[in-house]
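Nothing here was measured: the structure is a model prediction, and the numbers come from that model. Atoms within a ligand are numbered from 1 in the order they appear, just like the ligands themselves.
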Amino acid sequence: MPTDIPIAHVDIRPEDVEAVGRVLASGSLRQGKVVAEFEEAVAERVGAEHAVAVSSGTAALHLAYLALFEPGDEVIVPAFTFVATASMVMAAGARPILADIDPKTLTINVDHVRSLVTERTRGIAGVHLFGNACAIDELTNLAREAELTIVWDAAQALGTEYNGKDIGCLDRAVCYSFYPTKNITTGEGGMIVTPDGALAEKLCLLRSQGAERKYLHTVLGFNYRLTDFQAALGISQLARLNDYLAQRRRNASALSESLGRITWLACPTTLPGVRHSYNQYAIVLSEHVDHGVRDQVAERLRDAGVETAVHYPRPLHHQPFMAQERADLSVSQRVSERVLCLPIHPGIDDSAALRLAETAYETLSAIKL
Ligand SMILES: Cc1ncc(COP(=O)(O)O)c(C=O)c1O
């Protein structure tokens with residue numbers, strides 16, 4: 001039986017400390033050439049033309065929405081996602097319109113998106129939730145037909161691939177987070193990557209007080225800059241991304257092999273061509289099971305030394321700041337009542353993953369429904 005397996009783990013190695021220390025010792029504590037190197041490294045890694053580093057994934061979404069949409073525009077976002085996917089649409093003066101999710105992939109339901117398009121719709125937020133790519137081709141086709149712009153929320157999806165290509169090479173803006181639970185970390189931090197040079201220029205302006213040059217502010221902007229020492233950590237972590245992804249994927253295989261035998265829950269499912277990066281490993285209890293069983297599962301796993309987390313316990317239409325009655329978001333509602341995330345991070349090595357998978361199977365199969 002495993003000893004304590006936490007839900008998240010931050011992997012800071014001596015080379016990370018050294019890289020950050022070198023920048024600190026240089027006295028350059030602001031955005032400078034190390035941030036530019038980090039942008040270049042991420043752009044190269046994901047196959048994007050341009051990259052703009054910012055202070056968080058939330059800031060990345062805020063700037064992408066601001067740069068691409070006008071006040072009053074409607075942007076369709078999934079109801080089951082982290083709050084910032086929708087709240088930053090509002091912060092940009094646009095209107096988030098909530099769409100339901102697909103019960104298998106837990107990502108936005110494209111048919112529902114199509115039914116929500118109006119003459120005011122200008123965009124879609126395609127969220128690669130938990131590191132699982134959403135229906136990229138279908139969304140792209142719909143966006144082309146209806147002349148919409150897609151902002152991809154890849155906060156949890158650094159390293160996810162679709163048809164052999166990194167999801168970071170997609171049009172028109174792909175937003176990442178480097179928060180400590182993400183696939184690599186800079187502490188707080190984020191990035192927008194894009195094939196569009198003019199958009200990248202606009203994002204750079206917005207990130208730094210809207211200043212074209214010192215004290216000449218051509219647009220209303222912010223201070224959303226990343227610092228050189230955060231970027232140094234990012235560069236150092238990025239060098240290990242392949243190892244991290246490989247471990248996450250092996251851990252997911254071990255869990256799915258065991259938990260796939262339990263009939264009353266669903267393990268993560270991908271669309272054809274998707275290579276999941278497993279930032280989170282989310283199981284969903286089947287709809288025939290009382291949703292109270294989730295607490296029982298979490299409790300029993302905790303007793304067995306396995307920490308779990310609920311991402312996310314409320315769909316966005318039940319968040320007080322944007323509460324609305326929506327009978328058509330039933331999958332988001334059901335999943336938020338039945339989802340449970342298990343540890344999957346690369347701090348779990350192969351032998352710990354096997355023990356985790358066995359413990360999870362034994363614990364869950366002992367539950368009498
Ligand atoms: C899907 C999604 N979007 C956006 C964000 C926001 O990123 P950050 O926490 O870096 O602001 C997160 C962070 O958890 C996220 O999971």
Side-chain angles (χ1 to χ4, degrees), residues 7-10 35 38 42 51-66 75-92 96 98-99 101-102 105-108 123-134 136 139 150-160 167-168 170 173-193 203 206-207 222-227 230-231 233-234 237 248 268 276-282 309-316 319 321-322 332 335-336 339 341 344-345:
I7 187 71
H9 166 81
V10 181
V35 168
F38 184 41
V42 172
V52 178
V54 289
S55 52
S56 69
T58 303
L61 288 167
H62 188 195
L63 294 194
Y65 292 146
L66 263 176
V75 180
I76 301 175
V77 309
F80 183 71
T81 178
F82 184 70
V83 64
T85 315
S87 62
M88 290 303 106
V89 172
M90 293 163 87
L98 300 179
I101 54 163
D102 174 81
T105 63
L106 312 183
T107 61
I108 199 162
I124 307 171
V127 184
H128 303 308
L129 197 74
F130 302 146
N132 192 10
C134 59
I136 290 173
L139 273 183
I150 304 182
V151 171
W152 304 97
D153 182 342
Q156 305 175 345
L158 183 66
T160 298
I167 51 91
L170 294 172
V174 183
C175 298
Y176 290 104
S177 163
F178 306 122
Y179 185 75
T181 53
K182 299 303 193 290
N183 290 352
I184 65 166
T185 188
T186 59
E188 298 283 1
M191 201 173 287
I192 307 125
V193 301
L203 294 167
L206 289 168
R207 134 180 100 174
F222 305 86
N223 175 1
Y224 279 168
R225 295 183 297 265
L226 193 74
T227 61
Q230 290 172 297
L233 179 57
Q237 293 252 321
R248 285 181 181 278
H276 200 315
S277 61
Y278 294 103
N279 179 251
Q280 299 289 337
Y281 184 93
V310 176
H311 303 304
Y312 301 94
R314 265 174 204 261
L316 293 181
Q319 291 297 347
F321 84 102
M322 58 183 304
S332 299
V335 169
S336 63
V339 68
C341 294
I344 194 69
H345 54 79

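The single protein non-hydrogen atom nearest to atom 16 (O) of ligand 1 is Q156 NE2, 2.8 Å, given as residue, atom name and distance. Closest to atom 6 (C) of ligand 1 among all protein heavy atoms lies T58 OG1, 3.5 Å. If you check which protein heavy atom lies closest to atom 12 (C) of ligand 1, you get F82 CD2, 3.3 Å.
Any N or O atom pair closer than 3.5 Å counts here, and D153 shares at least one such pair with ligand 1. Considering both main-chain and side-chain atoms, T81 never comes within under 3.5 Å of ligand 1 through any nitrogen or oxygen pair. Of the N or O atoms in Y179, none lie within a sub-3.5 Å distance of an N or O in ligand 1. By the 3.5 Å distance cut-off applied to N or O atoms, G57 is counted among the residues near ligand 1.
Contact between T181 and A8 at its shortest, heavy atoms only, is CG2-CB, 3.9 Å. In this structure, I184 and G234 approach most closely via the heavy-atom pair CD1-O, 3.9 Å.
In this structure, H311 does not count as a contact residue of ligand 1, since none of its heavy atoms falls inside 4.0 Å of the ligand. Taking 4.0 Å as the cut-off, Y312 counts as a neighbour of ligand 1 on heavy-atom distance.
When each atom of ligand 1 is checked for a heavy atom of S177 under 4.0 Å away, the hits are 7 (O), 8 (P), 10 (O). Atom numbering of ligand 1 starts at 1 in the shown order; those under 4.0 Å from a heavy atom of L61 are 4 (C).
The only option from W152, Y278, Y176 that meets the ring pair (Phe, Tyr, Trp, His ring centres under 6.0 Å) definition with H128 turns out to be W152. Remark: of the listed residues V151, L139, V77, L139 is the sole one forming a side-chain contact (heavy atoms from CB on, under 4.5 Å) with I124.
Atom CZ of F222 is surrounded by more than 12 heavy atoms from other residues, nucleotides or ligands within 6.0 Å.
In terms of the side chain to side chain donor-acceptor pair (under 3.5 Å) criterion, residue partners of H62 (sequence neighbours excluded) are, by chain and number, Y224.
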Evaluation steps, side-chain contact (heavy atoms from CB on, under 4.5 Å), between V35 and R225: CA-CA 9 Å; V35 168; R225 295 183 297 265; over 6 Å; no

Criterion ring pair (Phe, Tyr, Trp, His ring centres under 6.0 Å) on F178 and F38, from CA distance to verdict: CA-CA 12 Å; F178 306 122; F38 184 41; 5.2 Å; yes

